[in-house]
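Given the structure is predicted, the values throughout are model-derived calculations rather than measurements. No hydrogens, no waters, no symmetry mates; every other heavy atom, side chains included, goes into these values.
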Amino acid sequence: MLKKNYNFILISLVIASFISSIYIYIPNLPSSIDSRLRDYMFNLRGEIKPKSDSVVIIDIDEKSLQALGQWPWSRDILSKILYNLSNAQVAVIGFDIVFAEEDRTSPHKIFKKLDIKKEDIPNFDLEFAQAIANTPTILGYQFELTDKKYINKNAPSIQTIFIEKNKKQGQNYLITAQGTILNIPILQNSSYSSGFFNNIPDDTGIIRSIPLIISYEDEIYPSLSLETLRIGLGINKIYINYDENGIKNLQLDDLIIPTDRYGRLLINFRGKEKTFKYISAFDIYNNNFEKEDIKNKIVLIGTSAAALMDLRATPFESIFPGVEIHANAIDNVISQDFLYKSSWIDGANIIIIFVLSIFTFFIVRKIPIWITPIFIVALILTVCYSIYYLLFNVGIVLNILFPIFTISISGVISLVIGYFYEIKKKEKIKSKFASKVSKDVMEELLKNIDNNKLKAQNKEVSIFFSDIRGFTNISEKLNKPELLVKYLNQYMTPMSEIIIKNNGTIDKYIGDSIMAYWNAPFDIDNHADKAVKSALEQLTKLEDLNKTFEELKQPKIEIGIGITTGITTVGEIGSIGRSDYTIIGDNVNLGSRIESLCKFYGSNLIISQDTKDKLVNKYIFRYLDHVKVKGRNNPIKLWEVLSFETKKDIQIEEEINKYNKAINLYENSKFDEAIKLFKELKINKIKLNTHIYEIYISRCNEFIKNKPINFNAIYEHKMK
């Protein structure tokens, strides 16, 4: 059976590897088919209303061209349109047009051409520039993306501050421009800002995404959509966040815009042409419009007229105004309704190929042959619906073609070779359990016999150590073995139940100590929280136990608990004849060291910085120290967990705030000021133990006598 499963896994992996190779190395044709399948999903979803009413399009339409003449209009007309929009209190105006030439109809231009000298001749370009300067207008321009013989190399000015975060040396995924098509200088220099309006179709000639940023001459420039939105929101900085695969997202304050690795936004189109509100430019010119329709809104000026050639193909239709593409992009960002084709999506698609290949293989070989076609069709429909759901409800864009292809190929091949194998589950189970002695591990193996969960691996876990303080003295007082065992069991039983209740695994009991861990062998959500929760519940339970011990005239128990979170090696460890599932590694040793430091700091519960960083729930903390523990070179920060945040106490909060000020002074080598606060805390302490104050008072005294050089506030513990 084991050999059979390996063979099936091997075959399914070969199929998945073959299909993945096509996905990676021959992407063009499959990508084209996949895009068209996604277009079909858009049409299946149908048109939807924009999720915000913040974007309005001023349309240079056929009506406007008939009334105001052919394009380009004289720029006094455009000036009047801008002033009328500004008087209606628009938030920002974006031009999906570039004015690359001077206005040939301007009187000053005509007089100059005829060599007629006269003063005070109207200059329409100057008037338009003044209108741009006096209104919230963002000009558009275009980048040349291919090098040409005659190409403008001038760069537009940048008002946006771009900050690149986590960018690796030599990492450059941005689309790079070769030149520019800019507005004439008098206009370009009058605008508060500008943005490029390049719409780049994919290999099928359809616009499905737009670049939000482009690199030119080692500078980063924003698109018209991004810049219009930035100015409309009153934001100065845009963060470009990278991960190991490229650009992850753009960030405008708290507004996150997910992109692909090249900084492109995949557009969640709302529908066909004129899904957004359109107002004729002629009506704006004549002030024949409802001002409430555009008040405090983002206005984009563009054209739907066929003669002006600004029409594109989108998933909904082949003739679509380019300006409405920008409107869709802005609406996606404002409503946070994105389609994610992030840098990790290729990895996810490949994982899906492997998962579907293996899943299809194993299911097909277990079901009757007549059910196989029904199963394959049902699985394809289920996967397609899942992709559809993720696309329009979560925004994740997964490949459609390759999952269908994987299911079909894997199903057929599995059906063919399934005849050559026989099932021997009994032998497989015996083989699996031959060296297992732990009941818990055996039960998990039975449930997950095929998934190799217990195979040795590196995994992040939260590690818990607890120990009874002064257990030797307790043993001397309870000098009868049966009394000592009963007494210890009264403590161990509820402590263990709390760990198990919170999904922890008790690794071992070491005399009066307990070692436990979370998140292995199976994943546990918020495992750091569950470890800390267990510790706090144990301390609460211990208070009740001590009341019982006091009534029985038995010694009280005081414990110290240390918790850390990190990568350990997890797996079956032991001899050939006897093994068990456990964890080993540096972080396990660190957890033990942290627990032993409870006595030094006079604390019941200490956690590492790594654990604190993983916590989701809220707790009351007190910073303890920045230390090097015995046997470890890297320093760690230690925190004392006092209680859940729900037990917040104003007096404790005030004491911690004062303590934090003292710590800050200490870390900045202001020992005289720090010792004063620590002494006040010790004298006036409210509810917290003062041992940590005594530690820092002692250190401050020492450093005042012997001023340290290059003080780093790291304390090295020499003892375990």
Full working for salt bridge (Lys or Arg N to Asp or Glu O under 4.0 Å) between Arg208 and Asp39
CA-CA 9 Å; Arg208 296 186 175 93; Asp39 292 346; 2.4 Å; yes
Please step through side chain to side chain contact (heavy atoms under 4.5 Å, CB included) for the pair Asp96 and Ile301, ending with a clear verdict.
CA-CA 6 Å; Asp96 186 31; Ile301 301 178; over 6 Å; no
Under the criterion side chain to side chain contact (heavy atoms under 4.5 Å, CB included), I'd like the reasoning laid out for Thr204 against Arg36: C-alpha separation, chi angles, the key distance, then a yes or no.
CA-CA 9 Å; Thr204 63; Arg36 294 192 181 279; 3.7 Å; yes
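Side-chain contact of Gln178 with Asp147: a donor-acceptor pair under 3.5 Å is absent, judged by distance alone. Judged purely by distance below 3.5 Å, without hydrogens or angles, the side chains of Asn123 and Asp125 never pair a donor atom with an acceptor atom. Side chains of Ser106 and Arg75: a donor-acceptor N/O pair is absent below 3.5 angstrom, by distance only. Counting only N and O atoms by type, the side chains of Gln159 and Tyr192 include no donor and acceptor under 3.5 Å apart. Counted by atom type alone, Thr406 and Ser357 present zero donor-acceptor pairs between their side chains at under 3.5 Å. Tyr23 and Asp346 form a side-chain donor-acceptor contact under 3.5 Å, judged by distance and modelled atom types alone.
Atom-to-atom distance recorded for Leu126:CG and Asp76:CG is 12.5 Å, nearest 0.5 angstrom. If you take NZ on Lys297 and OG on Ser52, they are separated by 9.0 Å, rounding to the nearest 0.5 Å.
The number of heavy-atom neighbours closer than 6.0 Å to CZ of Arg45, taken from other residues, nucleotides and ligands shown, is above 12. Residue-environment remark: NZ (Lys272) stays at or below the threshold of 12 foreign heavy atoms within 6.0 Å. By the 6.0 Å contact criterion, CG on Asp218 is open, its count of non-hydrogen atoms from other residues, nucleotides or ligands being 12 or less. When the shell of 6.0 Å around NZ of Lys291 is examined, it contains more than 12 heavy atoms from other residues, nucleotides or ligands. Enclosure of atom NZ in Lys153 by more than 12 non-hydrogen atoms of other residues, nucleotides or ligands within 6.0 angstrom is indicated. The number of heavy atoms from other shown groups lying within 6.0 Å of CD1 (Ile48) is above 12.
Between Asn328 and Ile330, every side-chain heavy-atom pair lies at or beyond the 4.5 Å cut-off. Taking the side chain as every heavy atom from C-beta outward, Leu139 and Leu182 never approach each other to under 4.5 Å.
Checked against a 6.0 Å centroid threshold, the rings of Tyr141 and Phe143 count as neighbours. Between Phe269 and Phe316, the distance separating the two ring centers is not shorter than 6.0 angstrom.
In summary, Glu244 and Lys168 do not engage in a salt bridge, as defined by a charged side-chain N under 4.0 Å from a carboxylate O. A salt bridge links Lys459 to Asp523: one of the charged nitrogens lies within less than 4.0 Å of a carboxylate oxygen. Using a 4.0 Å cut-off between charged nitrogen and carboxylate oxygen, Asp34 and Arg38 count as a salt-bridge pair. For the pair Arg270 and Asp331, the salt-bridge criterion is met [side-chain N within less than 4.0 Å of a carboxylate O].
Side chain of Gln251 to main chain of Asp253: a donor-acceptor pair is present (N/O by atom type, distance under 3.5 Å, no hydrogens or angles).
Classified by interplanar angle (parallel below 30°, tilted 30° to 60°, perpendicular above 60°), the ring pair Tyr216/Tyr221 is tilted. Taking the six-membered ring where the residue is Trp, Phe128 and Phe95 present perpendicular rings, their angle passing 60° and hence far from 30°.
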